[in-house]
Amino acid sequence: MRRLLVLGVMAVLALAGCGGGEVREISAANLPSTKDSTFVYLSNLDVVTDWDPASSYSNEIMAMQNVYDSLTMYNPRTRRAAPRLAERWQASTDGKVWTFTLRSGVVFHTGRPVDAAAVKASVERTKRMGAGAAYVWDSVQQITVKDPLTVEFRLKYAAPLDLIASSDYAAYVYDTRAAGTGDLKKWFQAGRDAGSGPYTVASWKKGREKELVLRAFDRYWGGWEGPHYRNIEFRVTPDLDRAYRLLLRGEASFVERLNPDLFRRARGTAGVRTLQVPSFQNMLVLFNTASGPLTDVRLRRAVQKAIDYDGLIAALKGAGAPASGLVPEGLLGHTAGFTQKQDLTAAAALLNEAGYGPGGSPLSLTLTYAQGDDDEELLVRKLRSALAELNVQLDAKAMQWNDQWNLGKSADPAKRQDILVMYWWPDYADAYSWFLNVFHSAEPVSFNLTYLKDRNVDARIDRLPSLVTNDRSAAERAYTELQRTLIGEKAVVAVPWVSNYQRAYLGNVQGYTDNPAYPNVVFVHDLIPGG
């Protein structure tokens with residue numbers, strides 16, 4: 001469900017090293033001093049939906065990545081997993097046995113040690129619950145504690161467990177004994193945490209503007225020497241104009257999202273830094289292959305060609321970049337030179353061939369998209385206009401995500417939409433997430449909202465983890481071929497753009513970079529509060 005809560009709110013993820021942003025003259029008059037060590041993060045949506053680190057799958061990632069640790073962490077410079085709780089790891093030659101060696105002396109916020117037994121208990125509970133992104137551990141067959149700081153994973157099939165262990169969701173290591181004999185899930189949902197990260201929960205007031213406050217955990221393994229922010233305050237500010245004013249007054253440190261006009265103003269404002277960078281998030285236009293008129297591949301191709309890809313990029317004013325295939329640049333599987341272009345003449349020919357279009361029978365299509373998302377509304381408006389010229393009526397409905405998703409998952413195929421618009425980004429830094437979740441057949445329906453059922457495609461998707469582990473060149477080819485099948489041959493999806501995130505933050509915040517594997521996360525412990 002986080003696939004919607006963050007829709008339209010996701011502002012961007014820069015590759016580390018793109019970090020300083022665009023710096024203007026900094027005025028100290030209205031900036032907090034170094035003595036005021038609270039980092040104030042403004043979000044336009046509620047922060048916490050689920051406090052349980054096993055099932056969390058929404059906006060709370062922005063807080064929880066500051067509260068919990070995973071075994072590894074994705075490094076966008078090297079495009080590999082880097083140490084976090086695990087100091088080192090090794091894999092067997094067949095990629096089916098992974099051994100992780102943990103840091104010594106690490107403790108949870110509860111005071112208990114972060115040891116191999118705790119890692120085993122965390123992953124096993126997350127797998128057992130099977131919620132959120134727990135599927136990332138599907139390859140794990142057995143977990144063995146070799147000694148207090150060594151844990152071994154035996155897999156059912158080869159998989160890149162070092163990357164999987166860096167997942168933005170479901171990879172958290174936590175104290176499964178935190179509730180004692182009580183119900184751990186209920187214990188979490190009261191606004192408690194059992195992590196080992198630099199910050200712990202100080203207060204949580206659901207529904208309030210100042211929703212969440214985190215405070216420094218003094219025993220954090222990363223230490224607190226030198227200047228650091230000792231507190232993080234998450235405020236919910238849906239009004240972007242007000243968020244911008246709070247930033248200008250120095251009452252906020254970081255604004256997650258601004259519209260293009262405000263971002264342009266921020267770029268020329270003294271005392272404010274800005275950052276615009278590519279993300280791993282893209283826009284998907286999914287076509288219903290199982291019921292309704294779009295079961296005809298010719299009509300799906302016609303809609304693909306009716307989308308004004310270049311016009312959308314221009315209208316987004318920097319908030320989007322042209323997509324090349326399904327996989328954004330920076331991930332294994334990105335295919336250069338696979339951009340789509342509007343071609344209304346070809347679209348009309350395809351419609352005519354199917355008996356519709358100019359001079360043919362009128363065609364009516366239904367579409368659902370996220371309510372309140374300006375970028376999705378822009379896409380729908382331009383597509384409706386283009387299709388109208390082709391004698392196609394587009395009946396588009398803006399919906400809250402749960403309603404849109406439930407309609408898409410309807411047990412009655414006749415109730416499902418013809419076209420569903422949504423964003424996607426990976427659960428860990430690998431393209432597998434798009435193919436497994438969105439295009440692999442599944443019953444009941446979840447995110448596979450094209451309803452594609454193709455055994456050959458499924459088999460090719462199932463091979464991807466082993467290829468990524470054992471033969472990256474073969475994996476690259478497999479990803480490219482799958483994209484050509486899904487976009488070209490079967491025409492089940494169109495990809496209008498990849499999101500660019502546009503951040504604004506105070507000029508005295510030093511050391512900020514954006515990691516594309518962790519949507520909307522600011523790793524606050526890494527920052528230096530300036531004077």
Side-chain angles (χ1 to χ4, degrees), residues 3-13 44-45 238-241 243-244 255-267 276-287 302-324 326 328 339-344 347 365-390 392-401 403-405 408 417-425 449 493-504 519-520:
R3 292 294 178 190
L4 181 108
L5 288 173
V6 226
L7 276 188
V9 227
M10 304 238 350
V12 151
L13 304 158
N44 66 333
L45 290 182
D239 185 332
L240 299 185
D241 286 305
Y244 184 59
V255 180
E256 173 196 4
R257 178 177 189 247
L258 292 174
N259 61 40
D261 290 337
L262 287 175
F263 184 73
R264 189 161 51 250
R265 288 166 59 186
R267 292 179 69 174
Q276 176 176 300
V277 285
S279 75
F280 288 167
Q281 175 189 346
N282 56 14
M283 169 59 65
L284 302 182
V285 179
L286 303 176
F287 303 128
V303 178
Q304 276 184 331
K305 294 181 182 300
I307 296 172
D308 183 4
Y309 300 93
D310 292 342
L312 285 166
I313 297 301
L316 287 169
K317 299 178 180 178
S324 182
L326 277 164
T339 54
Q340 296 175 277
K341 297 291 185 181
Q342 185 181 52
D343 188 339
L344 295 180
L365 299 173
T366 60
L367 178 150
T368 62
Y369 67 103
Q371 189 174 50
D373 188 294
D374 292 346
D375 295 344
E376 291 192 24
E377 185 178 345
L378 170 68
L379 167 64
V380 171
R381 189 168 64 249
K382 291 181 75 68
L383 181 57
R384 181 191 286 122
S385 176
L387 289 175
E389 296 180 22
L390 301 171
V392 178
Q393 177 184 335
L394 185 64
D395 180 12
K397 186 175 183 180
M399 307 177 72
Q400 289 293 322
W401 170 246
D403 296 334
Q404 183 188 9
W405 196 28
Q417 72 296 313
D418 298 316
I419 305 170
L420 187 143
V421 173
M422 72 176 190
Y423 295 95
W424 196 263
W425 60 94
L449 297 166
V493 61
V495 191
W497 70 78
V498 177
S499 295
N500 282 331
Y501 293 159
Q502 296 177 324
R503 314 291 200 190
N520 294 324

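All values below were derived from every heavy atom in this structure, side-chain atoms included, with hydrogens, water molecules and symmetry-related copies excluded. One is the number of the first residue; the rest follow in order along the sequence.
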Could you check if a side-chain atom of [X] sits within less than 4.5 angstrom of a side-chain atom of [Y], using non-hydrogen atoms only?
X      : Y      : result
Gln371 : Asp403 : no
Ile419 : Tyr369 : no
Tyr309 : Thr339 : no
Trp497 : Leu312 : yes
Val255 : Leu262 : no
Pro278 : Val498 : no
Asp375 : Met283 : no

For [X] and [Y], which heavy atoms make the closest approach, and how far apart are they?
X      : Y      : result
Val493 : Gln304 : O-NE2, 2.8 Å
Glu376 : Val421 : OE1-CG1, 3.6 Å
Leu378 : Ala315 : CD2-CB, 3.6 Å
Ala386 : Gln342 : CB-NE2, 4.0 Å
Ala306 : Leu344 : CA-CD2, 3.9 Å
Ala321 : Ile313 : C-CD1, 3.4 Å

With rounding to the nearest 0.5 Å, note down the distance linking [atom1] in [X] to [atom2] in [Y].
X      : Y      : atom1 : atom2 : result
Arg381 : Asp308 : CZ    : CG    : 12.0 Å
Lys317 : Gln502 : NZ    : CD    : 11.0 Å
Asp261 : Tyr244 : CG    : OH    : 11.0 Å
Ile307 : Leu383 : CD1   : CG    : 5.5 Å
Asp395 : Leu367 : CG    : CG    : 9.0 Å
Leu387 : Lys382 : CG    : NZ    : 12.5 Å

Under a 3.5 Å distance rule, please check whether [X] uses its side chain to pair with a backbone N or O of [Y] as donor and acceptor.
X      : Y      : value
Gln404 : Met399 : no
Ser279 : Ser499 : yes
Asn500 : Gln276 : no

Val285/Leu379 under side chain to side chain contact (heavy atoms under 4.5 Å, CB included): CA gap, chis, key distance, verdict: CA-CA 10 Å; Val285 179; Leu379 167 64; 3.9 Å; yes
Distance-only polar pair, side chains of Thr366 and Asp418, donor-acceptor under 3.5 Å: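 Side chains of Thr366 and Asp418: pair found under 3.5 Å.
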Residues Leu449, Trp405; criterion side chain to side chain contact (heavy atoms under 4.5 Å, CB included); working and verdict: CA-CA 9 Å; Leu449 297 166; Trp405 196 28; 4.0 Å; yes
Residue pair Tyr423, Leu284: steps toward the side chain to side chain contact (heavy atoms under 4.5 Å, CB included) verdict: CA-CA 6 Å; Tyr423 295 95; Leu284 302 182; over 6 Å; no
Partner of Asn520 under side chain to side chain donor-acceptor pair (under 3.5 Å), chosen from Gln281, Glu256, Arg257: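 Of the listed residues Gln281, Glu256, Arg257, the side chain to side chain donor-acceptor pair (under 3.5 Å) partner of Asn520 is Glu256.
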